[in-house]
Amino acid sequence: MTQPAARFPFSIGHVAKVTGIAVSTLRSWENQGLLTPSKSAGGHRSYGEAEIERVRRIDRMRRVDGQSLSAIRRLLDSEEEAAPAPEGEAAPVAFNHLGARVRGLRQEAGMSLRELSERTDIATSHLSMFERGVAFLSPARLNAIAEVFGRTLAELLGGTKGRDFPVVRRGQGRIVGSFGPGVTIEQLTVSQRLMDAEVWTIDPDRESDGFYAHEGEELIYVLEGSLELALADRDAEVLNPGDGAYFNSRIAHRWRNTGPVPAKVLWINTDSDRLSSMSFERTDRRLGLGAGIGEGIGEGALSLELPSGARTFRVIETHTEGHPTHILIEPLEGLDADSVAGKARQFAERYDSLRPMLLHEPRGHSGAFGLVPVASSAADFGAFFISSYGYPGLCGHAIMGYTAALRALGRLTRHKRFTIEVPNGILSVEVGVDGDADAIALDMPPALITEVGRRVAIDGLELDVAIAMCGDCTALVDAQAAGLTLEAGHIDRLLALGESLRRHLNEALPRRRGAQPSVDSVLFHGTDEAGAVRQFLAIDRQKFDRSPGVAGLACLLALRAATGAAQPGARLDAVSLFGGRLSGELITLTHGAGGAVAATTRITGRAHLKAVATLIQEMGDPLGSGFLR
């Protein structure tokens, strides 16, 4: 059997001590092919926790079952080749196996070693050695990698699964040696409960290799030895047996064993992300209201009694330059597809009834918009969109609203620039641009201009129309040339004209590859007396965008580029009929076949929090599922 080049955390003496098998016997079993320790260039043996378990099993099979060593070897070898890990159980994760796990996550996300290096500040060469199992990474660096893939450090190490039993006997937790020699972790329960409970054994002089931070809260209790703990805003403290520390894990922290003997520490983490995705059985029908003071009808009342059978759903409400986004933060089971687009399809199949309940009257209106946050394996965050008319693949104003919510929740403390996976792809977002700490910049997917200068006579008007694609298909109309007034008092006229134009274009536009074209919206644009661009996006006879329209501004910039009125670097500011403002910049320009022009743009705006609410759906409410007028 070929000897692996990787090092393992345990010596042959340690294996002999924990298993009760003599060193000479272990060497004999190695010679007979039963064990395969790693060997350094100097011949030094090292073992992983999988090898320790193998030793224990060989001993049982020999002493209890009476099997010969040759029969044991044949049985174990055949099991390793044929049998997968038991369903629902994570394979043991030694540090050399962890590298392979990180490589799999990286490849699944389509990320190169160089990209991972840039996002974690770990040298590419060291990452390569780690993935091949021949180098260690410190807790701080492993935590940085975990954040890239939207996981906690405990989840990266591998969560415990299996039977749901509350008692873990001494030494029966899952052992992880993933930080290299000198640090071992016994996992009591990880990634299936609210708390990650572990017992760490840290040898003298071992440390975290700098400060690191993550989501959740943290409890440390020293059982044996001593541990130095430093938080970013405090001086270092030495914890001795019986001492403990409790702190917010978002505070950067580091640790090291400065004592002469190993430190044994009970280490507990709680993850706020996991809390938001867990459901708890409600023991009564009272909904907490918070503070019970004031002069109103709720004076002294801390809770609201709900009717029997009532359901509740939590939301964060924002608006982006005037247009609302209802962000559904209630945990939902079954959204486990590999991609965000797949999760959106699962939502449509299982939870579509929530869409009208959340967005339609009496809670919302025909133009209301929603967003459902989900996990992403390919980006920092994930989200898909819901509206009164379906499941759009892209919505710029909702992304900005989501960004404002993430910022308020403290999720962007380490992310000035981050990525969000949406059904149409992955978008890049930056917070704090152009000297404005609250400005949110969104790098839009290419806006494609397929046609310019189409003249359409409709409703007694001659319209100058262009056709653009940026997520949805939009018709752009020069309102100024048509003599239309872009004011709030003329919205009904604009909506009616937009609906007529949509119908006309969807009947008149040529079919492409047998598919009937579909114009989803109409953007009316013009310039006011002060030189500002005004925009109004009509979606149908009743629905319209209250903001200037993020995708609409991207399309207008692309149109100007297609007609020679703008070059890369050009900026354009747009205002809605209600005063909301967006700023756009033309980034790149590409000319394609048939006169088509594609432009990438960056759109900047501001989003604001409106409310945190708990929606109530009573069982007997005949209109509880919502309606549209």
Side-chain angles (χ1 to χ4, degrees), residues 317-325 367-369 371 394-408 427-445 447 468 470-472 474 476-480 484-491 494-495 498 521-539 543-561 565-566 569-587 599-610:
E317 298 184 358
T318 68
H319 83 83
T320 302
E321 302 298 346
H323 203 86
T325 302
F369 217 88
L371 179 145
L394 174 67
C395 180
H397 90 263
I399 287 294
M400 291 185 182
Y402 184 34
T403 300
L406 287 171
R407 186 182 186 188
L427 305 176
S428 180
V429 185
E430 186 172 359
V431 179
V433 295
D434 299 331
D436 184 349
D438 296 323
I440 301 168
L442 174 59
D443 291 337
M444 295 291 289
C470 187
D472 291 331
T474 301
L476 288 79
V477 175
D478 188 335
Q480 195 169 14
L484 297 171
T485 302
L486 293 180
E487 298 289 348
H490 293 257
I491 285 178
L494 295 171
L495 288 174
S521 57
V522 176
L523 180 74
F524 295 97
H525 60 92
T527 305
D528 62 18
E529 295 178 354
V533 172
R534 296 178 69 81
Q535 291 187 175
F536 178 74
L537 186 70
I539 301 169
K543 306 180 184 73
F544 59 92
D545 196 333
R546 274 75 174 165
S547 80
V550 175
L553 181 54
C555 290
L556 185 56
L557 273 166
L559 175 61
R560 292 200 169 192
R571 300 184 68 94
L572 184 63
D573 294 331
V575 61
S576 74
L577 306 192
F578 310 98
R581 294 181 176 273
L582 294 171
S583 176
E585 180 181 0
L586 182 62
I587 305 299
T600 59
T601 60
R602 166 174 269 210
I603 309 299
T604 302
R606 292 165 64 109
H608 304 273
L609 301 174
K610 294 196 304 174

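A search for side-chain hydrogen bond (donor to acceptor under 3.5 Å, both in side chains) contacts involving T527 returns nothing, not counting sequence neighbours. Every residue two or more places apart in sequence or in another chain that forms a side-chain hydrogen bond (donor to acceptor under 3.5 Å, both in side chains) with S583 is listed here: R571, D573. Taking F369 as the reference, H397 meet the ring pair (Phe, Tyr, Trp, His ring centres under 6.0 Å) condition, with sequence neighbours excluded. Residues that satisfy the ring pair (Phe, Tyr, Trp, His ring centres under 6.0 Å) test with H490, not counting sequence neighbours, are absent from this structure. Under the rule for a side chain to side chain contact (heavy atoms under 4.5 Å, CB included), the partners of A607 that lie at least two apart in sequence or sit in another chain are T320, M400, A404, I440. Every residue was checked against the salt bridge (charged side-chain N to carboxylate O under 4.0 Å, His left out) condition with R581, not counting sequence neighbours, and none meets it. For T601, there are no side-chain hydrogen bond (donor to acceptor under 3.5 Å, both in side chains) partners two or more places apart in sequence or in a different chain. In this view, R407 and D438 satisfy the salt bridge (charged side-chain N to carboxylate O under 4.0 Å, His left out) rule, not counting sequence neighbours. Every residue two or more places apart in sequence or in another chain that forms a side chain to side chain contact (heavy atoms under 4.5 Å, CB included) with A565 is listed here: R560, T563. Residues passing the side-chain hydrogen bond (donor to acceptor under 3.5 Å, both in side chains) test with T474 are S521, sequence neighbours excluded. Scanning for salt bridge (charged side-chain N to carboxylate O under 4.0 Å, His left out) contacts around D472 gives an empty result, with sequence neighbours left out.
Rounded to the nearest 0.5 angstrom, I587 CD1 and D443 CG are separated by 7.0 Å. Once rounded to the nearest 0.5 Å, the distance linking NE2 of H319 with OG1 of T325 reads 10.0 Å. Considering OG1 of T600 and CG of L586, their distance stands at 7.0 Å, rounded to 0.5 Å. Atoms CG and CG, on L537 and L523 in that order, are 5.5 Å from each other to the nearest 0.5 Å. Taking CD from Q535 and CG from L553, the interatomic distance works out to 5.0 Å, rounded to the nearest 0.5 Å. Note that the CG atom of L442 and the OG1 atom of T403 stand 7.5 Å from one another [nearest 0.5 Å].
Residues A554 and I603 share a closest heavy-atom pair of N-CD1, 4.0 Å. The two residues A488 and F578 come nearest to each other via the heavy atoms CB-CE2, 4.2 Å. A pairwise comparison of heavy atoms in P445 and L427 identifies CD-CD2, 3.7 Å as the closest pair. Considering every non-hydrogen atom in both A408 and L609, the closest pair reads CB-CD1, 3.6 Å. Listed here is the closest heavy atom pair of A551 and M444: CA-CE, 3.9 Å. Minimum interatomic distance between F524 and A479 (heavy atoms only, all atoms of both residues): CB-CB, 4.3 Å.
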Verdict with supporting geometry, Y402 and L371, side-chain contact (heavy atoms from CB on, under 4.5 Å): CA-CA 8 Å; Y402 184 34; L371 179 145; 3.7 Å; yes
Would you please test Q480 and R534 for side-chain contact (heavy atoms from CB on, under 4.5 Å) and show each step? CA-CA 10 Å; Q480 195 169 14; R534 296 178 69 81; over 6 Å; no
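Using a 4.5 Å heavy-atom cutoff, the side chains of T604 and V433 are in contact. Between L494 and L577, some side-chain heavy-atom pair lies under the 4.5 Å cut-off. Put simply, the side chain of E321 does not reach to within 4.5 Å of the side chain of V550, judged on heavy atoms. Side-chain contact between T318 and H608 is absent, with no heavy atoms from C-beta onward closer than 4.5 Å.
Legend: side-chain hydrogen bond (donor to acceptor under 3.5 Å, both in side chains) pairs involving residues 545-557, not counting sequence neighbours, sorted by first then second residue: H323-D545, D545-S547.
A donor-acceptor contact shorter than 3.5 Å is absent between the side chain of T485 and the backbone of E487.
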